[in-house]
Amino acid sequence: MPANHLEVVVRPISPRDTHELRRKVLRGGKEAAEVNFPGDDDSGAIHLGAFLGEDLIGVASLLPQALPGRNLSRAWRLRGMAVEPAFQRMGVGKALMKTAVEEARTMGIEVIWANARLTAVPFYVKLGMKVEGEVFLTPDTSLPHRRVWLVVER
């Protein structure tokens, strides 16, 4: 394993456990920012945490949600992917995605998709995700995004 990659353990966490990192990384630390996303508490949602020892350094959530414009019965939306800034570009996000894909495969999910910030699109493309559509701004961040998706291989 390259020296800049960390050996993390990815395991399920509660929706509430995602909030601190979501707020710090995705909402610029703004205390008033809403970080409990629609669908977080649904029974089909899965929340993953990447741990370095006892420290939670990365989070990702998978929510049952159709991929807009596609006729797929089993799709998961990736939301709230956030990695502690000091540990970015060290394989933490990749470990979270690997576990997400394994979970999806086990559950018979056809596709994983996300609205990715433009700055994160190269990361997702490196993992094999496709990019589609035009750049758009999200209402919660006003940052430019593109849609990315990955067919889950059986």
Side-chain angles (χ1 to χ4, degrees), residues 6 8-88 91-121 123-124 127 129-133 136-154:
L6 300 174
V8 296
V9 173
V10 177
R11 65 179 186 252
I13 58 175
S14 75
R16 186 173 196 78
D17 291 338
T18 67
H19 293 181
E20 184 179 335
L21 267 177
R22 283 180 180 177
R23 182 171 283 110
K24 181 178 185 177
V25 176
L26 303 177
R27 300 297 185 259
K30 296 176 186 158
E31 277 303 314
E34 183 55 56
V35 291
N36 187 40
F37 299 152
D40 269 352
D41 297 315
D42 291 355
S43 63
I46 293 177
H47 304 279
L48 300 172
F51 290 84
L52 184 60
E54 295 300 312
D55 297 325
L56 179 62
I57 62 169
V59 296
S61 297
L62 295 156
L63 313 170
Q65 188 174 350
L67 173 60
R70 303 264 191 229
N71 186 19
L72 299 168
S73 61
R74 302 199 36 91
W76 264 353
R77 181 178 180 186
L78 175 70
R79 284 208 73 183
M81 170 84 85
V83 174
E84 185 70 49
F87 298 105
Q88 291 177 358
V92 178
K94 184 177 180 178
L96 284 163
M97 281 300 297
K98 179 181 179 207
T99 302
V101 170
E102 289 168 359
E103 288 287 325
R105 187 175 293 120
T106 299
M107 297 180 71
I109 301 303
E110 296 176 89
V111 68
I112 295 174
W113 69 277
N115 291 330
R117 291 182 179 190
L118 279 188
T119 56
V121 168
F123 162 77
Y124 291 111
L127 295 177
M129 296 184 92
K130 307 264 187 266
V131 182
E132 72 177 16
F136 60 94
L137 303 179
T138 60
D140 43 344
T141 66
S142 297
L143 294 172
H145 286 67
R146 297 276 309 270
R147 182 159 297 128
V148 295
W149 57 278
L150 175 73
V151 172
V152 178
E153 300 293 331
R154 301 276 172 233

If you measure from the Lys or Arg side-chain nitrogens to the Asp or Glu carboxylate oxygens, is any gap between Arg27 and Asp140 under 4.0 Å?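 Salt bridge present between Arg27 and Asp140.
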Step by step, would you call Lys94 with Leu127 a side chain to side chain contact (heavy atoms under 4.5 Å, CB included)? CA-CA 8 Å; Lys94 184 177 180 178; Leu127 295 177; 3.8 Å; yes
Would you compute the distance between atom [atom1] of [X] and atom [atom2] of [Y] and round it to the nearest 0.5 angstrom?
| X | Y | atom1 | atom2 | value |
| --- | --- | --- | --- | --- |
| Glu34 | His19 | CD | NE2 | 7.5 Å |
| His145 | Thr138 | NE2 | OG1 | 4.0 Å |
| Leu6 | Ile57 | CG | CD1 | 5.5 Å |
| Glu132 | Trp149 | CD | CH2 | 6.5 Å |
| Leu67 | Glu110 | CG | CD | 10.5 Å |

Exercise: identify the closest heavy-atom pair between [X] and [Y]:
| X | Y | value |
| --- | --- | --- |
| Ala50 | Val92 | CB-CG1, 3.7 Å |
| Phe136 | Arg147 | CE2-N, 3.9 Å |
| Glu153 | Arg105 | O-NE, 2.6 Å |
| Ala66 | Ala75 | CA-CB, 4.1 Å |
| Gly58 | Leu21 | N-CD1, 3.5 Å |
| Val152 | Ala104 | CG2-CB, 4.0 Å |

Do other residues, nucleotides or ligands put more than 12 heavy atoms under 6.0 Å from Glu20 CD? no
Carefully, step by step, assess Met81 and Leu96 under the rule side chain to side chain contact (heavy atoms under 4.5 Å, CB included). CA-CA 8 Å; Met81 170 84 85; Leu96 284 163; 3.7 Å; yes
Any donor-acceptor pair under 3.5 Å from [X] side chain to [Y] backbone:
| X | Y | value |
| --- | --- | --- |
| Gln88 | Val83 | yes |
| Arg74 | Met107 | yes |
| Arg146 | Gly133 | yes |
| Trp76 | Val101 | no |
| Arg117 | Leu26 | yes |

Lys24: what forms a salt bridge (charged side-chain N to carboxylate O under 4.0 Å, His left out) with it, not counting sequence neighbours?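 Listed in chain order: Glu84.
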Is a donor from one side chain sitting under 3.5 angstrom from an acceptor on the other, for Ser61 and Arg22? yes
Check the pair Leu150, Leu78 against side chain to side chain contact (heavy atoms under 4.5 Å, CB included), reporting the backbone distance first and the verdict last. CA-CA 11 Å; Leu150 175 73; Leu78 175 70; over 6 Å; no
Working note: Arg77 + Asn115, criterion side chain to side chain contact (heavy atoms under 4.5 Å, CB included); need CA distance, chi angles, decisive distance, verdict. CA-CA 9 Å; Arg77 181 178 180 186; Asn115 291 330; 3.1 Å; yes
Which residues pass the side-chain hydrogen bond (donor to acceptor under 3.5 Å, both in side chains) test with Glu103, sequence neighbours left out?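 Here no residue qualifies.
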If you define the side chain from C-beta out and look only at heavy atoms, does anything of Gln65 sit under 4.5 Å from Trp113? yes
